[in-house]
Amino acid sequence: MTFKDKVIEVVASIPYGKVTTYGTVALLAGIPRGSRMVGAILHFNAERFDLPWHRVVNRHGYISTNCAEHTRDIQKGLLEQEGIEVSPSFIVHLKKYGWFGEDEAIKNN
DNA sequence: GAGCTGACAATAG
DNA sequence: GCTATTGCCAGCT
C-alpha cells in the first residue's frame with residue numbers, strides 16, 4: 001500500500017456533493033505535507049481509476065488546476081453537476097461543501 | 001538508475 | 001497577517 005494507493009482510496013471516498021483539499025487527502029493518506037503529490041497522483045491516475053479529481057481543491061477552496069486537459073472550467077462544470085456552488089472566481093465554499101474525512105477515509109488505521 | 005519536476009501545505013520569520 | 005523556505009514522494013526525462 002503506497003501513498004498513491006491511499007490517495008486514490010481517499011479521493012474515491014469523497015461523498016457526492018462534497019469537496020476536500022489536497023492537504024486533507026494527503027493527511028488521510030498518511031502524509032500531512034504530501035499535498036503536492038496528491039495533485040500529481042490525481043493527474044496521472046484520475047482517469048485511470050475513474051476518480052472524482054474535481055472534488056479536490058487547494059486549501060483556499062480555489063481550483064488550482066492549470067492543466068490544459070483539466071482546466072478550471074471543466075472542474076467548475078463537474079462541481080456544479082454535483083450540486084456544488086462554485087463562485088465565478090472558481091472558489092468553492094469549504095464552509096458548506098468542505099469534507100474532511102468524517103467517514104470511511106479514517107479506516108486507514 | 002539517478003535526478004528533476006510537480007493540481008500544495010505547513011512552519012518560521 | 002503576509003512572505004519566504006522546506007518538505008513530501010510518485011512519475012517523467
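Convention: sequence-line order gives letters A, B, ...; per-chain numbering from 1.
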Find the distance between OG1 (A:Thr65) and CG (A:Asn58) and round it off to the nearest 0.5 Å.
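Those atoms lie 9.0 Å apart.
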Nearest-0.5 Å distance, CG of residue A:Leu27 to NZ of residue A:Lys6
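The distance works out to 11.5 Å.
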On DNA chain B, which is the earliest and which the latest nucleotide, 5' to 3', with an atom closer than 4.0 Å to a heavy atom of chain A?
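The contacted stretch runs from B:dG6 to B:dA10.
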Applying ring pair (Phe, Tyr, Trp, His ring centres under 6.0 Å) as the test, list every pair that has at least one member in residues 64-92 of chain A; sequence neighbours left out.
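Of all non-adjacent pairs touching residues 64-92 of chain A, those that pass ring pair (Phe, Tyr, Trp, His ring centres under 6.0 Å) are A:His43-A:His70, A:Trp53-A:His70.
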Got a sec, which pairs hit ring pair (Phe, Tyr, Trp, His ring centres under 6.0 Å) with one end in residues 7-33 of chain A, sequence neighbours left out?
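Pairs touching residues 7-33 of chain A that pass the test: none.
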Between C:dT6 and B:dC4, how far is it from one P atom to the other, in whole Å?
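That atom pair is separated by 16 Å.
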side-chain hydrogen bond (donor to acceptor under 3.5 Å, both in side chains): which pairs involve residues 27-37 of chain A, sequence neighbours left out?
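Non-adjacent pairs meeting side-chain hydrogen bond (donor to acceptor under 3.5 Å, both in side chains): zero.
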By the 4.0 Å heavy-atom rule, please label A:Thr65 as base, sugar-phosphate, or nothing.
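Answer is base: heavy atoms of A:Thr65 come under 4.0 Å of a base.
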With sequence neighbours left out, write down each residue that passes salt bridge (Lys or Arg N to Asp or Glu O under 4.0 Å) with A:Lys76, or none if nothing qualifies.
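Partners of A:Lys76 under the salt bridge (Lys or Arg N to Asp or Glu O under 4.0 Å) test: A:Glu80.
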Residue list, salt bridge (Lys or Arg N to Asp or Glu O under 4.0 Å) with A:Glu47, at least two apart or on another chain:
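Partners of A:Glu47 by the salt bridge (Lys or Arg N to Asp or Glu O under 4.0 Å) criterion come out as none, since no residue qualifies.
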side-chain hydrogen bond (donor to acceptor under 3.5 Å, both in side chains) partners of A:Asp5, counting only residues at least two apart
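Residues passing side-chain hydrogen bond (donor to acceptor under 3.5 Å, both in side chains) with A:Asp5: A:Thr2.
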With sequence neighbours excluded, tell me which residues meet side-chain contact (heavy atoms from CB on, under 4.5 Å) with A:Val57.
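Only A:Ile63, A:Gln75, A:Leu94 meet the side-chain contact (heavy atoms from CB on, under 4.5 Å) criterion with A:Val57.
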Could you tell me which residues satisfy side-chain contact (heavy atoms from CB on, under 4.5 Å) with A:Thr24, sequence neighbours excluded, listed by chain and number?
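Applying side-chain contact (heavy atoms from CB on, under 4.5 Å) to A:Thr24 gives A:Thr20, A:Thr21, A:Leu28, A:Phe100.
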Using a cut-off of strictly less than 4.0 Å between a heavy atom of the residue and any atom of DNA chain B, enumerate the qualifying residues of residues 79-87 of chain A by number.
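Per residue number, the list is empty: none.
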Where protein sits on nucleotides 6-13 of chain C, one letter per nucleotide: B base, S sugar-phosphate only, - none, heavy atoms under 4.0 Å:
BBBBBSS-
